[in-house]
Amino acid sequence: MNQDYIKPDNWSIIEEGFDVERVKSSESLFSIGNGAMGQRANFEETYTGPTFQGSYIAGVYYPDKTRVGWWKNGYPEYFAKVLNAPNWIGIDIEVDGEKLDLYTCKSITNFRRELNMKEGWYQRSFHAVLPNNIEVSVTSTRFLSLDLDEVGAIKYEVTPVNQEATITLVPYLDSGIMNEDTNWDDKFWDTYNLAHEENSAYILSKTMKTDYHVCTGMSNQIFVNSIQKDISPKVEANGTYIHLKYTVQVRKGETAGITKFGGYTVSLNHKEEDLQGVSKAILKQASESGFNTLLDLQKKAWSRVWEMADIVIEGDVKAQQGIRFNIFQLNQTYLGKDARLNIGPKGFTGEKYGGSTYWDTEAYCIPFYMATKDQRVARNLLTYRYNHLEKAIENAKKLGFTNGAALYPMVTMNGEECHNEWEITFEEIHRNGAMTFAIYNYVRYTGDYTYVTEKGLEVMIAIARFWHQRATFSTDKNKYVILGVTGPNEYENNVNNNWYTNYLAKWCIEYCIENVDKIKAQYTNDYHRIIEKTNLDQEEINAMLEVADKMYFPYSEKHQVYLQQDGFLDKELITVNNLDMSQRPINQKWSWDRILRSPYIKQADTLQGFYMFEDQFTKEELTRHFDFYEPFTVHESSLSPCVHSIQAASLDRMDQAYTFYLRTSRLDLDDYNKEVEEGLHITSMAGTWMSIVEGFGGLRIKNDTLSFSPKIPKEWKGYTFNVNFRNQIIKVKVSQEGTSFTLEGTKELLIYVDNKEFRISPNSLITV
């Protein structure tokens, strides 16, 4: 834990007291989004202190030229930027001619922020004494509508406390913005038109290179003591900026307010020539509805999300706050409405990592979306990858692979690799296996095999071809080896025979051919179509299966464990508990050379394989591997604590499981990795959900049947979660006394609890 200023609360994220050192962290923590757009919690009014201003539009990106010391064949041509979009939230405030700026105020008291996760709104309030000695009280409330996802709303109120004052409210739009992480300080946006009429204004701009057209719009209403005023604004504009200036005179204790509706219409969804007209219409609809009506709709929309997705924890407020924060941010990032979109590792909270899609989606996020939404949402995520299959084949071809072999990108916006670190781009190839595993996971969970026949098998064949070609036959070992890779542990680069990678390659090939045989036997028409399209024949199948059958796995007889890679035991095996805390996190303290020579593991690597393929190993094998590898794990990846929490719970090590749970659920709230100001770790938040449902709840799918092994930390009185399994909802409530299951569905459901069989009738409850 590196920060502890967020107040414990079951449903809200709360900060009290103003501290300039916390501003950028809070901008991340209080971020809001609605799946179509999002923004960091920047102040609406002027702030001249350190800040990271960020607004983002789903699916809009810029191909920033890769910056490397030298060029090698196969390097990605660009590093995709999640674009900092035109700013529509700005409202400059002047009080008797003095700009309101919390960085220059004489004093700030009663500062409070709240992100209400239950209802989906963000509010900030404070008292401030300006340099001209006028004291004001300010309250600002804003949200991004889930129902009208091209619109957000702000209600901003200023009250002079110690004297009457002239309040000037200056709402503006600004497209002259830059990314924090631009490689070459390129201009990403071209603004080509500014317009205004009455209380509305618009900026039309387009992205350079990718040519996404965006209309950023705003519409304003002015109030004094909640009574709307008809005031004509003064308009000022330059090439990338337009503002409307309103001036009102208020007495001491009276309130000047503005309601500002704003947002984006995008050429992804509308014709370019219609963007301003659509923006005008949607802003008119919002204005006529009014702030309070839209807020009521927002509360109802979030109520529907929580009805299915909520996890209730009794007796532990910090644990409760943590899981709800994770669930809230996941739903702010992706709601499953659009198969063209995916779940970026920072969502709408920052720009780091430069892409919208990692293997995190397949390995961590799909289980969350399958269980908490309709299965079509998870299918959309799989379809996203199918739609990128040709690009994945192109990516592999650039590296010398042939015959339709596919290498899915480590980072992408459109299916093309856009990550420029060679040790990850070329070597962290295990991400390819996550694509096949996600299909397997989807089928066993939903029972929907049509995805495999329609799309999935083509993906699996292309991935199996990659593994077949990527493996090398070692005459010395008489085995197939996979050389020069980076496993999930990114603190080892360019190693040979990473166990997880090798095991995943073998499994992908075997699962692919298993499905080829099944479709051949049961879906003849689909089989012939797929074979004709992919040119797969028996000779190639036999060659693939030989690679799988003869795959090499490094193993230590001394320790009775699979080795993370061939040279792991050559390292100086000093465990983490012997590492001084002043050296942590090592990725911010040590040289990369020192990290690579150390035994320290960034995240689950060998244990990632034991998590994904748990049923292929005994509990004794898991125990040996957990006891060997966890002591070397520094958990400096956001994806690490959740896997270890699940496995610790499986081993009945509940204190350890609980500790890991707190770390994954409060990773950002408590800033464990000292980087929250850069944005939140959105995709790993799905792992937090998994740590409760799969860890403490013990949920597994065994032979197409739900299985549970419920456990409960001693710190909790109870917890409750919901699972949508094959279109029936099962509610699970675990307490210190036992576990109850309730079924909302239309047919009887068979489940296993601690390996005992139970049958639940619709709309009934059983307790075990």
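Positions are given from 1 along the sequence. Computed from a prediction, not measured in an experiment: that's the story for all the values here.
The only member of Ile323, Asn326, Ile646 that meets side-chain contact (heavy atoms from CB on, under 4.5 Å) when paired with Ile692 is Ile323.
Counting only heavy atoms from C-beta outward, the side chains of Val693 and Phe368 never approach each other to under 4.5 Å. Using a 4.5 Å heavy-atom threshold, the side chains of Leu381 and Ile343 count as touching. Looking at heavy atoms from C-beta onward, Phe52 lies out of side-chain contact with Glu677 at the 4.5 angstrom threshold. Side chains of Tyr47 and Val20 form a contact here, defined as non-hydrogen atoms less than 4.5 Å apart. Looking at Phe188 and Thr207, their side chains never come closer than 4.5 Å, going by heavy atoms from C-beta outward. At a threshold of 4.5 Å between non-hydrogen side-chain atoms, the residues Gln3 and Ser25 count as touching. With a 4.5 Å cut-off on side-chain heavy atoms, Tyr661 and Thr688 count as touching. For the pair Gln39 and Leu144, the minimum side-chain heavy-atom distance is below 4.5 Å.
Side-chain contact check for Tyr491 and Glu636: at least one donor-acceptor pair (N or O, by modelled atom type) lies under 3.5 Å. At a cut-off of 3.5 Å, with distance as the only test, no side-chain donor of Thr486 or Glu428 sits close to an acceptor on the other residue. Inspection of the Asn432 and Trp359 side chains reveals no N or O donor paired with an N or O acceptor under 3.5 Å. No side-chain N or O of Gln321 forms a donor-acceptor pair with one of Asp9 less than 3.5 Å apart. No side-chain N or O of Asn414 forms a donor-acceptor pair with one of His388 less than 3.5 Å apart. A donor-acceptor pair shorter than 3.5 Å can be found between the side chains of Asn269 and Arg340. At a cut-off of 3.5 Å, with distance as the only test, no side-chain donor of Glu678 or Ser28 sits close to an acceptor on the other residue. Side chain to side chain, Asn587 and Lys674 fail the donor-acceptor criterion of an N or O pair below 3.5 Å. Using a 3.5 Å distance cut-off with no hydrogens or angles, the side chains of Ser205 and Ser175 do not pair a donor with an acceptor. In this structure, a donor-acceptor pair under 3.5 Å is absent between the side chains of Asn87 and Ser55. Side-chain contact, Asp92 with Thr46: a donor N or O sits under 3.5 Å from an acceptor N or O.
Between Tyr212 and Tyr61, the ring center distance clears the sub-6.0 Å criterion. Ring pair Trp689/Phe721: centre-to-centre distance not below 6.0 Å. Aromatic rings from Tyr672 and His635 are positioned such that their centres are separated by 6.0 Å or more. In summary, the aromatic rings of Tyr334 and Tyr369 are positioned with their centroids under 6.0 Å apart. Ring to ring, Tyr500 and His430 are close: their centroids are under 6.0 angstrom apart.
When atom types are taken as modelled, the side chain of Lys260 and the backbone of Trp88 share a donor-acceptor pair closer than 3.5 angstrom. Of the possible donor and acceptor atoms, none in the side chain of Gln608 sits under 3.5 Å from a partner among the backbone N and O of Pro488. Using a distance-only test at 3.5 Å, with no hydrogens or angles considered, a donor-acceptor pair links the side chain of Asn84 to the main chain of Gln53. Looking at Asn380, its side chain never comes within 3.5 Å of a backbone N or O of Thr383 through a donor-acceptor pair. Put simply, the side chain of Glu417 never gets that close to the backbone of Asn395: no donor and acceptor are under 3.5 Å apart. Of the possible polar contacts, none joining the Gln123 side chain to the Arg112 backbone as a donor-acceptor pair under 3.5 Å is found. Judged by distance alone, with hydrogens and angles left aside, the side-chain atoms of Glu630 form no donor-acceptor pair with the main-chain N or O of His644 at under 3.5 Å. Checking side-chain atoms of Ser640 against main-chain N and O of Ser637 turns up no donor-acceptor pair under 3.5 Å. Between the Arg124 side chain and the Ser140 main chain, no donor and acceptor come within less than 3.5 Å of each other. Trp121 places no side-chain N or O within 3.5 Å of a backbone atom of Glu114 that could act as its donor or acceptor partner.
Ionic pairing of Arg431 and Glu362 is not present here: no N-O contact between side-chain nitrogen and carboxylate oxygen is shorter than 4.0 angstrom.
The distance from the CD atom of Glu675 to the CG atom of Leu667 is 7.5 Å, given to the nearest 0.5 Å. Taking CD1 from Ile586 and CG from Leu579, the interatomic distance works out to 7.0 Å, rounded to the nearest 0.5 Å. The distance from the CZ atom of Phe660 to the OG1 atom of Thr664 is 10.5 Å, given to the nearest 0.5 Å. Note that the CZ atom of Phe261 and the OG atom of Ser145 stand 10.5 Å from one another [nearest 0.5 Å]. Here the CE atom belonging to Met218 is positioned 4.5 Å from the CG atom belonging to Leu173, to the nearest 0.5 angstrom. In this structure, OH in Tyr600 is found 9.5 Å from CD in Gln583, a value given to the nearest 0.5 Å.
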Would you check, one step at a time, whether the test side-chain hydrogen bond (donor to acceptor under 3.5 Å, both in side chains) holds for Tyr122 with Thr141?
-> CA-CA 6 Å; Tyr122 162 59; Thr141 306; over 6 Å; no
Under the side-chain hydrogen bond (donor to acceptor under 3.5 Å, both in side chains) criterion, do Ser31 and Gln332 qualify, and how do the steps go?
-> CA-CA 9 Å; Ser31 295; Gln332 288 202 127; over 6 Å; no
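With sequence neighbours left out, the ring pair (Phe, Tyr, Trp, His ring centres under 6.0 Å) criterion links Tyr56 to no other residue. Among residues two or more places apart in sequence or in another chain, the ring pair (Phe, Tyr, Trp, His ring centres under 6.0 Å) test is passed with Tyr241 by Tyr172, His243. Partners of Phe126 according to the ring pair (Phe, Tyr, Trp, His ring centres under 6.0 Å) rule, which considers only residues two or more places apart in sequence or in another chain, do not exist here. Legend: residues meeting ring pair (Phe, Tyr, Trp, His ring centres under 6.0 Å) with Tyr5, ordered by chain and number and at least two apart, are absent. Residues forming a side-chain contact (heavy atoms from CB on, under 4.5 Å) with Asp360 (at least two apart in sequence, or on another chain): Tyr358, Leu639, Thr683.
The minimum heavy-atom distance linking Ile682 with Gly347 is given by the pair CG1-N, 3.5 Å.
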Please output the side-chain donor-acceptor pairs of residues 146-156 that fall under 3.5 Å, not counting sequence neighbours, one pair per line with the distance.
residue: Glu150; atom: OE2; partner: His270; partner atom: NE2; Å: 2.7
residue: Tyr156; atom: OH; partner: Glu45; partner atom: OE1; Å: 2.8

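Figure legend: Arg113 and Phe30 shown as a cation-pi pair, the cationic atom lying under 6.0 angstrom from the six-membered ring centre and within 45 degrees of its axis.
Around atom NZ of Lys118, no more than 12 heavy atoms belonging to other residues, nucleotides or ligands sit under 6.0 Å away.
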